[in-house]
Amino acid sequence: MFSRKYSFFLTVVALCSGLFSTLSAIKPNIIIFYVDDLGWQDVEQLNDLGEPCPYETPNLLKLAERGMNFSQGYASAPTCAPSRAAILSGQHPAQTRYTHVTGASIPKQGKDNEFQEAFLGAYFDLDHMTLADALKQNGYRTGHYGKWHAGLNASAYGFESVNQTRGVHRGMKDRTKDFSTPKDRQWPLSKEKYPPYSEDFPDGISYPYDELTEEALEFIQDNKEEAFFLNLCHWMVHWPMLTRNGELLKYYCKKMGQPFPPKKGNMALPGQQNPYFASMVTTVDWSLGLVMDMLATTDDPRYPGKKLIETTYVFFTSDNGGAEKKGGEILSDNYPLKGGKKRTDEGGVRVPLVIAGPNIPAGTERATMINQLDFFPTILRLTSTDIPAENAAKLSGLDITPVLTGEASEVYDAEGHPRDSLFWHFPHNSMRAAIRKGDYKLYCHFNTGEYSLYRLYKNGAHADLEEQEDLSRNPEYASIVDALSQELNQKLESSNAELPHRNPNYRNATLPSASIVNLNFNPAGTQANLQLDPDQPKATEAYILYYPDGGKGEGHGKKTIDYNQVGDPEIPYRVKVAASIDASGHVVTATVPPVVKRVQFMLIDENNYCHFTQLASVP
């Protein structure tokens, strides 16, 4: 187990020849440029199927021209928090049991739902080694800018410089007219002009000041004399749909044949016709352009004669597939992919993925299946960073360096076996797991125990990328259903995945469930005791949740606590802490730290029912 309070020794292995011969004297910089809710079809030209994407992303195209576009790149989850945590830990969400964004919310236990989603703690487990931890031990300066969304804040997970601002993506009173001006106090328009160009704007347009981008650029400048790892995570193109850039919105309204200023109310035209969404996509691309321009024009002081762009790897991708709808508003359209955010269909997990940097062949494209879980081991290789064997054994992804350098067309594991499958686990919403193996994708529906099977490709060509024809009941494909279901179940079991639990309040329940008799404390208030009915099912897992005595947790804004300075939280509030179950299975006990004033028990019984006690005050 990795602990932030445990100082591990990390060695740097020098690569003497081949891949990094030109960089043997230095360690390359790493930038992860992460976009929120950007779908696979939401970028210009790279993954276009059917009608061309109307959103303009010229800087992403330039990045792809410098490096490699993966047309079958995947996020590890269909929502943001688990994908972000997976990149930073290198571990599958199923393995860390951090599978959604619900945080410390108690699952709903309505009478009509037979199953309920798993409970997630208030923050990602601090015992996991992060990419920032590993690189920092290797002499890298680490900075996180933008959306964090894994609990606490980024300074608790190995990042030295942190600003979790939303930047320019903030709420507006009236999105149809409250645009930035050159004299705007918070978001003044730039004097410089940038794309897009048009008849109305032949010299380009101005962009509002974006604190997120500007501080990321400052981080690069401040740390260019040392190797750096920048985790730049935009809040866009997430809801709310808005832009402070009136010129950009006007450009897209005209391009899409819509009035400017737009009418108030929802943008409800089908497909990719939301000018607010389009404006956010291009604003993110503008930010990427500023980063790339700085790399291209800034000398690397560690390597005379080279610019930072020659010594930096840039990983561009999105946390999950595009969000297609919010209330009555159409955001974007993942077609021909099925579904979107919060679903394990292709539209929910396939994402744009471009990587550029030293020795990556320019302008190349690969149809190789790549998962963002591959970033961690690949970056370890690119930066010559070694980690303890116990931590390396937990990594779920594979080193894709040979693919990046053009030495291989497939991804191989440590034993030399080519990767032929990826899997996803999302015990929330539609409650499904999925596995993609070769041409096929199979889904396990936890609430029914049934499977669905689709053939996405046939001999390398698109077959049913739309996932319209379920083959699971076709006798011709019975052996494939059997093989893939077995492999998926093995992966879930080996990763210790937490499956949906039965809901004890379900009106049509047929199995008995545990029954809580009472909750009491010892006189000192240092131990909580939970008594279950001895005539009902026993507990098989039990946890206690500690709650602070009032007050609110940290929000999504700037860092309010520097955990590098104060250390880890002393009390794991709203996080599962294992409780003890006696031999009978009907008495649960847990220690209560003196400062804790409110607690709640969670337990799983032998029939997989999940129970929560009421929040109780400690005497």
Side-chain angles (χ1 to χ4, degrees), residues 37 39-40 70 72-102 115 117-118 120 317-323 334 337-353 368-376 395-398 411 419-457 465 467 470 472 481 483-500:
D37 290 358
W40 187 64
F70 290 94
Q72 296 190 45
Y74 289 94
S76 58
T79 55
C80 83
S83 289
R84 295 164 192 272
I87 281 184
L88 290 166
S89 67
Q91 297 186 59
H92 199 288
Q95 185 170 306
T96 60
R97 293 193 164 191
Y98 196 75
T99 50
H100 199 12
V101 297
T102 54
F115 292 93
E117 60 186 349
L120 306 177
T317 189
S318 171
D319 57 355
N320 47 249
N334 295 314
L337 303 186
K338 181 180 179 180
K341 181 180 180 179
K342 297 185 181 180
R343 297 183 63 88
T344 50
D345 305 288
E346 286 292 284
V349 292
R350 194 183 288 211
V351 293
L353 203 164
T368 312
M369 284 195 300
I370 299 297
N371 194 304
Q372 292 171 2
L373 289 164
D374 301 331
F375 288 7
F376 199 122
L395 298 180
S396 304
L398 298 175
V411 179
R419 167 194 278 157
D420 64 353
S421 68
L422 296 172
F423 84 103
W424 296 266
H425 177 55
F426 195 62
H428 312 275
N429 298 102
S430 57
M431 296 190 179
R432 298 186 301 173
I435 183 169
R436 162 87 192 276
K437 187 177 180 72
D439 290 345
Y440 296 93
K441 191 169 182 185
L442 178 131
Y443 297 88
C444 172
H445 303 266
F446 291 124
N447 52 0
T448 65
E450 297 178 337
Y451 295 95
S452 300
L453 177 70
Y454 301 93
R455 184 165 193 174
L456 307 183
Y457 295 91
L465 203 57
E467 298 179 90
D470 184 358
S472 62
V481 172
L484 290 187
S485 61
Q486 287 188 37
E487 183 173 345
L488 176 58
N489 289 328
Q490 288 170 358
K491 289 181 180 295
L492 292 172
E493 184 176 351
S494 64
S495 61
N496 195 31
E498 184 171 13
L499 306 183

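Side chains are part of it too, since the values below use all heavy atoms of this structure and drop only hydrogens, waters and symmetry mates.
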Decide if the gap between the ring center of Y451 and the ring center of H445 is smaller than 6.0 angstrom. no
Only one of Y74, F426, W40 forms a side-chain contact (heavy atoms from CB on, under 4.5 Å) with V349, so which one is it? Y74
Any donor and acceptor pair, going by atom type alone, linking the side chain of N334 with main-chain N or O of G322 inside 3.5 Å? yes
Is any side-chain heavy atom of Q72 closer than 4.5 Å to a side-chain heavy atom of R436? yes
How long is the span from the NZ atom in K338 to the CZ atom in R350, to the nearest 0.5 Å? 14.5 Å
Is there side-chain contact between N429 and R343, with heavy atoms separated by less than 4.5 Å? no
Quick check against the 3.5 Å criterion: does Q372 have a side-chain atom that pairs as donor or acceptor with the backbone of S318? yes
P500 side chain near M431 side chain, heavy-atom distance below 4.5 Å: yes
Under 3.5 Å, is there a donor-acceptor pair between the side chain of H92 and the main chain of F423? yes
R84 side chain near P82 side chain, heavy-atom distance below 4.5 Å: no
Least distance between heavy atoms, A433 atom then L492 atom: CB-CD1, 4.1 Å
Validation row: T368, V411 side chains within 4.5 angstrom (heavy atoms): yes
What I'd like to find out is whether the side chain of F70 reaches to under 4.5 Å of the side chain of V351, using heavy atoms alone. no
Can a donor-acceptor pair be found, under 3.5 Å and without considering hydrogens, that links the side chain of T317 to the backbone of P352? yes
Is the closest basic N to carboxylate O distance between R419 and D374 below 4.0 Å? yes
Here the gap from Q486 atom CD to I435 atom CD1, rounded to the nearest 0.5 Å, amounts to 11.0 Å
Nearest 0.5 Å, please: how far is CG in L484 from OG in S421? 8.5 Å
Note: T79 and T99 closest approach over all heavy atoms is OG1-O, 4.1 Å
Could you pull out the closest heavy-atom pair between R97 and N496, with the gap in Å? NE-O, 2.9 Å
With side-chain contact (heavy atoms from CB on, under 4.5 Å) as the criterion, how do L453 and Y443 come out once you've worked through the C-alpha distance, each side chain's angles and the decisive distance to 0.1 Å? CA-CA 6 Å; L453 177 70; Y443 297 88; over 6 Å; no
Could I get the full list of ring pair (Phe, Tyr, Trp, His ring centres under 6.0 Å) partners for F376, not counting sequence neighbours? none
Residues that K437 engages under salt bridge (charged side-chain N to carboxylate O under 4.0 Å, His left out), provided they are two or more places apart: D420, E487
How about L422 and N371: do any of their side-chain heavy atoms sit closer than 4.5 Å? yes
Taking all non-hydrogen atoms of both residues, which atom of P78 and which atom of T344 are closest, and how far apart? CG-CG2, 4.2 Å
Determine whether the aromatic ring centres of H428 and F446 lie less than 6.0 Å apart. no
Per the salt bridge (Lys or Arg N to Asp or Glu O under 4.0 Å) rule, what does the pair list look like for residues 422-432, sequence neighbours excluded? D345-R432
Exam field: side chain S495 to backbone Q95, donor-acceptor pair closer than 3.5 Å: no
So, does S83 use its side chain to make a donor-acceptor pair with the main chain of D319 at under 3.5 Å? yes
Does Y98 form a side-chain hydrogen bond (donor to acceptor under 3.5 Å, both in side chains) with Q91? I'd like the steps, not just the answer. CA-CA 10 Å; Y98 196 75; Q91 297 186 59; over 6 Å; no
I87 CD1 to S89 OG distance, which is reported to the nearest 0.5 Å: 9.5 Å
Checking K491 against W424: charged group under 6.0 Å from the ring centre and within 45 degrees of the axis? no
Should Y454 and L442 count as side-chain neighbours, where that means a heavy-atom distance under 4.5 Å? no
